[in-house]
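Treat the numbers as computed from the prediction; the structure is a model and nothing was measured.
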Amino acid sequence: MDNIKASNKIFSIEDAKKLSKKRLPKLVYDFIDGASGDEKLSEINSFALDQIRLEPRVLRNVEERKLKKNILGFNYDYPFGFAPMGMTNLSWPGADSMLAKESARNNIPTCVSMASTTTLEKMYELSEGHSWLQLYIFQDEAFVMELLDRAEKTGYEVAILTVDVPVLSRRTRDDKNGFSYPFKIGPKQFFDFATHPVWSISTLLNGIPKPMNYETSKSGKGIFKRKESRGKTDWETLKRVRNKWKGKLIVKGVMSSDDAVKIKEMGADAIQVSNHGGRQLDSASAAINILPFIREAVGNNFPIIFDSGIRSGSDIVRSLALGADFSMIGRPVMYAMGADGASGLRRIVDIIKEETSTTLGLVGLNDINEVSSDIIEQKLFMNTTY
Ligand SMILES: Cc1cc2nc3c(=O)[nH]c(=O)nc-3n(C[C@H](O)[C@H](O)[C@H](O)COP(=O)(O)O)c2cc1C
């Protein structure tokens, strides 16, 4: 009953965010919501998306609207998926399987983080094959190669190499809250958990979330150290991953046109323009403002996926108008599950689908594949830069 009531209170991502703030321990909410340094970039990402105004068009028959998108040769029912996020089960017990099942229900991709709290094999099964695997290269590259072998054997067809964390940024809120892995529970954390009993008891009953791809490493090479340096990752690393992985390869965390062109030349199948939701270089630009430059640099036919700051269906349409082929959503799905588990997630996904469809109709289009920069209000377009 409580579940039904909570979901009924969600009409926007902002509603889900507020509800999750109430339900989750501070340490967990801050891990999800937090960003790096002064945390401004996370807001700037969404603010910059807001600055892009679309032009309403009238007297066009928009009765039928198609949202289906093809990316990397795969047909999906909507132009968005779930971004990779580590330690997802912290947002609510069973969060990984909620994401997997929701991606299967909607025929959209879900990106499984290397630091996922469910094994990549289980995620593939639960998502009925809708999973893409995301990897970081740590000091021990052998573990990454082992995961690529496991992914291939399982049936994965898409791998994502995240390259924007050569150094883990300073996350002030995590430091203040004493967020670490393995979790350390001192008096402060104990009080935080004790004052959020529903989350704490369900988490205890379901087992403390662990990075399960590491826990199941057969070679014993997978030892999860969140703060371990990834600084040695370079172009040679990309070459080795490209040689190893025969499926589609996406390089995530690209914010420079020069890098994008080089990544394309090195044989990646797509890039993901992203500033990690403002969680890495805090003085970087808003990802949406860089997207058109990267599109221009790589040309029209090279697939670009976009994330960072998407908070509505209009934001998805905006990102497509500025050159993306597909978008990924990060924190909003974590807020949704923190607010109300699987029902919260379903509610938010349905809201985003509806908003995307409505926006499409209001700019006078019938098919998401027709979205281009023509729908942007040119008279006022972007006089703000970040
Ligand atoms: C809690 C959390 C954990 C994340 N973990 C990962 C990760 O393991 N791998 C990765 O490539 N990106 C990770 N990201 C970044 C997201 O994939 C994505 O780039 C970002 O959240 C998008 O911005 P948004 O949250 O504003 O939508 C994480 C983001 C959050 C919020």
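- The closest side-chain heavy-atom distance from Ile294 to Val261 is not below 4.5 Å.
- Heavy atoms from other residues, nucleotides or ligands lying under 6.0 Å from NZ of Lys101 number 12 at most.
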Q. Would Val333 and Leu345 count as a side-chain contact (heavy atoms from CB on, under 4.5 Å) if you check the C-alpha gap in whole Å, the side-chain angles of each, and the deciding distance to 0.1 Å?
A. CA-CA 6 Å; Val333 294; Leu345 179 63; 3.7 Å; yes
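- With 3.5 Å as the limit, one finds a donor-acceptor pair spanning the side chains of Gln280 and Arg171.
- In this structure, Val273 and Lys252 have side chains that are not in contact, with every pair of non-hydrogen atoms separated by 4.5 Å or more.
- For the residue pair Asn275/Asp164, the side-chain donor-acceptor check at 3.5 Å is not satisfied.
- Atom-to-atom distance recorded for Met145:CE and Arg240:CZ is 6.5 Å, nearest 0.5 angstrom.
- Relative orientation of the Phe31 and Phe179 rings is parallel, given thresholds of 30° and 60° on the angle between their planes.
- Criterion: ILVMFWY side-chain heavy atoms under 4.5 Å apart, direct or through other members. Under it, Leu147 and Leu126 are not part of a common hydrophobic cluster.
- Both the sub-6.0 Å distance and the 45° axial angle are satisfied by Arg23 relative to the ring of Trp92.
- In this structure, Phe191 shares a hydrophobic cluster with no other residue, the cluster being traced through Ile, Leu, Val, Met, Phe, Trp and Tyr side chains under 4.5 angstrom apart.
- Below 30°, between 30° and 60°, or above 60°: for Tyr136 and His276 the angle between ring planes is below 30°, a parallel geometry.
- Annotation: the span from Ile271 atom CD1 to Ile263 atom CD1 amounts to 6.5 Å, rounded to 0.5 Å.
- The two residues His130 and Ser103 make their nearest non-hydrogen contact at CB-OG, 3.7 Å.
- No side-chain donor-acceptor contact under 3.5 Å links Thr110 and Ser127.
- Salt bridge Arg170/Asp38: absent, no basic N to carboxylate O contact under 4.0 Å.
- With no hydrogens or angles considered, no side-chain donor-acceptor pair links Asp77 and Asn106 at under 3.5 Å.
- No more than 12 heavy-atom neighbours from other residues, nucleotides or ligands sit within 6.0 angstrom of CD on Glu296.
- In this structure, Phe80 CZ and Ser327 OG are separated by 9.5 Å, a value rounded to the nearest 0.5 Å.
- Across His196 and Pro25, no two heavy atoms sit closer than the pair ND1-CA, 3.4 Å.
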Q | Pair Asp33-Tyr335, side-chain hydrogen bond (donor to acceptor under 3.5 Å, both in side chains): steps then yes or no | A | CA-CA 8 Å; Asp33 187 54; Tyr335 299 141; 2.5 Å; yes
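- Cation-pi geometry between Arg347 and Phe11 is satisfied (NZ or CZ under 6.0 Å from the ring centre, within 45° of the ring normal).
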Q. Between Asp350 and Arg105, is a salt bridge (charged side-chain N to carboxylate O under 4.0 Å, His left out) present by the stated rule, with each step listed?
A. CA-CA 11 Å; Asp350 287 345; Arg105 178 176 84 94; 3.1 Å; yes
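- Atom OG in Ser308 sits 10.5 Å away from atom CG in Leu291 (nearest 0.5 Å).
- Heavy atoms only, all atoms of each residue included: Ala95 and Asn89 are closest at N-OD1, 3.0 Å.
- Look at Lys40 and Glu43 and you find no salt bridge, because none of the NZ, NE, NH1 or NH2 atoms lies under 4.0 Å from a carboxylate O.
- Ser274 and Asp307 form a side-chain donor-acceptor contact under 3.5 Å, judged by distance and modelled atom types alone.
- Leu362 and Leu322 end up in different hydrophobic clusters when Ile, Leu, Val, Met, Phe, Trp and Tyr side chains are linked at under 4.5 Å.
- The side-chain heavy atoms of Val112 and Thr119, taken from C-beta on, include no pair separated by under 4.5 Å.
- Ionic pairing of Lys248 and Glu157 is not present here: no N-O contact between side-chain nitrogen and carboxylate oxygen is shorter than 4.0 angstrom.
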Q | Derivation of the salt bridge (charged side-chain N to carboxylate O under 4.0 Å, His left out) call for Asp315 and Arg311 | A | CA-CA 6 Å; Asp315 285 348; Arg311 295 294 177 269; over 6 Å; no
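- Two different hydrophobic clusters hold Val251 and Phe293 under the rule that ILVMFWY side chains link at heavy-atom gaps under 4.5 Å.
- Atom NZ of Lys184 is separated from atom CD of Gln189 by 9.5 Å, given to the nearest 0.5 angstrom.
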Q. side-chain contact (heavy atoms from CB on, under 4.5 Å) between Arg230 and Val167: does it pass, once the steps are laid out?
A. CA-CA 6 Å; Arg230 306 157 214 198; Val167 182; over 6 Å; no
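- With contacts defined as side-chain heavy-atom distances shorter than 4.5 Å, the pair Met337/Leu99 qualifies.
- Taking the side chain as every heavy atom from C-beta outward, Val349 and Phe82 approach each other to under 4.5 Å.
- The other members of the hydrophobic cluster of Leu72, by chain and number, are Ile71, Phe74, Tyr76, Trp132, Val158, Ile160, Ile250, Ile305, Phe326, Met328 (side-chain heavy atoms under 4.5 Å, ILVMFWY only).
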Q.
Under the criterion side-chain contact (heavy atoms from CB on, under 4.5 Å), I'd like the reasoning laid out for Lys244 against Asp149: C-alpha separation, chi angles, the key distance, then a yes or no.
A. CA-CA 9 Å; Lys244 167 89 181 165; Asp149 283 334; 2.8 Å; yes
Q: Walk me through it: do Tyr29 and Lys17 pass the test side-chain contact (heavy atoms from CB on, under 4.5 Å)?
A: CA-CA 9 Å; Tyr29 177 79; Lys17 181 174 169 172; 3.3 Å; yes
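- Counting non-hydrogen atoms of other residues, nucleotides and ligands closer than 6.0 Å to NZ of Lys22 gives a total of 12 or fewer.
- Taking the six-membered ring for Trp and thresholds of 30 and 60 degrees, Phe183 and Tyr181 have ring planes more than 60 degrees apart, a perpendicular arrangement.
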Q: In sequence, state the C-alpha distance, the side-chain angles, and the governing distance for Asp30 and Lys176, and then conclude on salt bridge (charged side-chain N to carboxylate O under 4.0 Å, His left out).
A: CA-CA 10 Å; Asp30 282 349; Lys176 274 189 194 156; over 6 Å; no
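- Heavy atoms only, all atoms of each residue included: Ser12 and Ile351 are closest at N-CD1, 3.9 Å.
- With contacts defined as side-chain heavy-atom distances shorter than 4.5 Å, the pair Leu360/Val371 qualifies.
- Salt bridge present: Arg150 and Glu121 bring a charged side-chain N and a carboxylate O closer than 4.0 Å.
- Residues Asp367 and Lys68 have side chains not in contact (no heavy-atom distance under 4.5 Å, counting atoms from C-beta outward).
- Remark: Asp259 does not engage Lys262 in a salt bridge, criterion side-chain N to carboxylate O under 4.0 Å.
- For the pair Ser36 and Leu281, the tightest heavy-atom approach, listed with the atom from each and the gap, is OG-C, 4.4 Å.
- Going from atom OG of Ser113 over to atom CG of Asn213 covers 8.0 Å, rounded to the nearest 0.5 Å.
- Across all non-hydrogen atoms, the minimal contact from Ile32 to Ser91 is CD1-CB, 3.7 Å.
- A donor-acceptor pair shorter than 3.5 Å cannot be found between the side chains of Glu141 and Thr237.
- Residues Asp325 and Arg295 form a side-chain contact, since some pair of their non-hydrogen atoms from C-beta on lies under 4.5 Å apart.
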